[in-house]
Every structure is written in structure tokens, then in C-alpha cells.
Amino acid sequence: MIFNSDKPIYVQMADRLCDEILAGTYKDDDRIPSVREYAVLLEVNTNTAVKAYDELARANIIYNKRGLGYFVTKGAKKQILKERKLVFMKERLPELFRQMQLLGITLEDVKEVYDMQQ
């Protein structure tokens, strides 16, 4: 994984796990890779992976079964979608709309390009 400098690595790791849950790689109550496995996979320090898993556990996205590992919390996908939609609407859409207005791009223009992508 290539990390960028705009967010801490552990946050980017947590985001990646959430992306994998959204994509269906991990479903409710599925076991996810251990902290060590994920650290090796992404070539990061184990302590960084621990922080990512702690963050997700605090957000109730994953839970730990002592001795068995971490699992996806029931309803995690729905929770991630809800949070990400809210962030998108509050943080990204206003700038997108501002740019559209400056460039004279209409919603119809966007729909036309969107339809071509389908």
C-alpha cells in the first residue's frame, strides 16, 4: 500500500479495512487478518497496525474475541456507509459544487458523464 502524507498511516490502514468491508471482502462476523498479518501485508510497524485496529474497535467496526482474533461487527458496513456519506456530503460536495459553478458545469453535464461510466 502506498501511503500519503495527509493522514496518519494508522488512519489510512483503518480506512483500507473499512474499504474492504464495504467491498464485501469481509462481512459481518468474518475474521479479519491478525494485527501482525496486516502489518506484514502493508509493510508497516506492528504498533501502527495496533493503533488502526484500536481505532476501528473504538468505532465499533471490529471486535476482538480473546485468543481468536478480530472480527467484523454486525452492521459495520451500514455504519461505515452512513459515516462516509455524511463526510462526503459535508466536506467534499461543497467544494465540488463551487468548482462546478466556477467552470459552468451543470448537473446534466455530470449525469451525462456518469451515464457513460456505467
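Nothing fancy with the numbering, it's 1 onward along the sequence.
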Look at the side-chain heavy atoms of Ile, Leu, Val, Met, Phe, Trp and Tyr, link any pair under 4.5 Å apart, and say whether Val113 and Leu102 land in one connected group.
no
Can you list the residues that meet the ring-ring contact (aromatic ring centres under 6.0 Å, His included) rule with Tyr10, with sequence neighbours excluded?
none
Can you tell me how far CD1 of Ile32 sits from CD of Glu37, rounded to the nearest 0.5 angstrom?
10.0 Å
With Val72, which of Ile21, Asp29, Thr25 fulfils side-chain contact (heavy atoms from CB on, under 4.5 Å)?
Ile21
CD1/Ile61 to OG1/Thr73 distance, rounded to the nearest 0.5 angstrom?
7.0 Å
Quick check on Arg58: does its CZ atom have over 12 non-hydrogen neighbours (other residues, nucleotides or ligands) under 6.0 Å away?
yes
Is it the case that the side chain of Glu83 and the backbone of Lys78 share a donor-acceptor pair, with hydrogens and angles ignored and the cut-off at 3.5 Å?
no
Please round to the nearest 0.5 Å and tell me the distance separating atom CG of Asp54 and atom CG of Asn64.
9.5 Å
Output yes when Asp19 and Arg84 qualify as a salt bridge under the 4.0 Å nitrogen-oxygen rule, no when they do not.
yes
Looking only at atom types and distance, does a side-chain atom of Asp28 sit under 3.5 Å from a main-chain N or O of Gly75, one as donor and one as acceptor?
yes
Tell me whether Ile62 shares a hydrophobic cluster with Leu22, the cluster being built from Ile, Leu, Val, Met, Phe, Trp, Tyr side chains joined at under 4.5 Å.
yes
Any side-chain heavy-atom pair of Tyr26 and Pro33 under 4.5 Å
yes
Are any of the side-chain heavy atoms of Phe3 and Met13 separated by less than 4.5 Å?
yes
Check whether Val87 and Ile80 end up in the same hydrophobic cluster, where Ile, Leu, Val, Met, Phe, Trp and Tyr are linked by side-chain heavy atoms less than 4.5 Å apart.
no
Would you please say whether a donor-acceptor pair under 3.5 Å links the side chains of Thr106 and Asp109?
yes
Cluster link Met89 to Phe97, ILVMFWY, side chain under 4.5 Å:
yes
So, taking the atom named CG in Leu93 and the one named CE in Met100, what distance separates them when rounded to the nearest 0.5 Å?
9.5 Å
Could you check whether Gln99 and Glu95, counting side-chain N and O atoms only, form a donor-acceptor pair closer than 3.5 Å?
yes
Are any of the side-chain nitrogens in Glu20 or Arg16 under 4.0 Å away from the carboxylate oxygens of its partner?
yes
Derivation of the side-chain contact (heavy atoms from CB on, under 4.5 Å) call for Gln12 and Asn4
CA-CA 8 Å; Gln12 293 176 64; Asn4 57 48; 3.5 Å; yes
Flag yes if Leu56 and Leu68 sit in one hydrophobic cluster, no otherwise; membership is Ile, Leu, Val, Met, Phe, Trp, Tyr, and two members link when side-chain heavy atoms are under 4.5 Å apart.
no
Could you give the distance from OG (Ser34) to CG (Leu41), rounded to the nearest 0.5 Å?
10.5 Å
To the nearest 0.5 Å, how far apart are CG in Leu17 and CD in Glu55?
12.0 Å
Residues passing the ring-ring contact (aromatic ring centres under 6.0 Å, His included) test with Phe71, sequence neighbours excluded, are Tyr63
For Lys7, the side chain to side chain donor-acceptor pair (under 3.5 Å) test, sequence neighbours excluded, returns Asp15
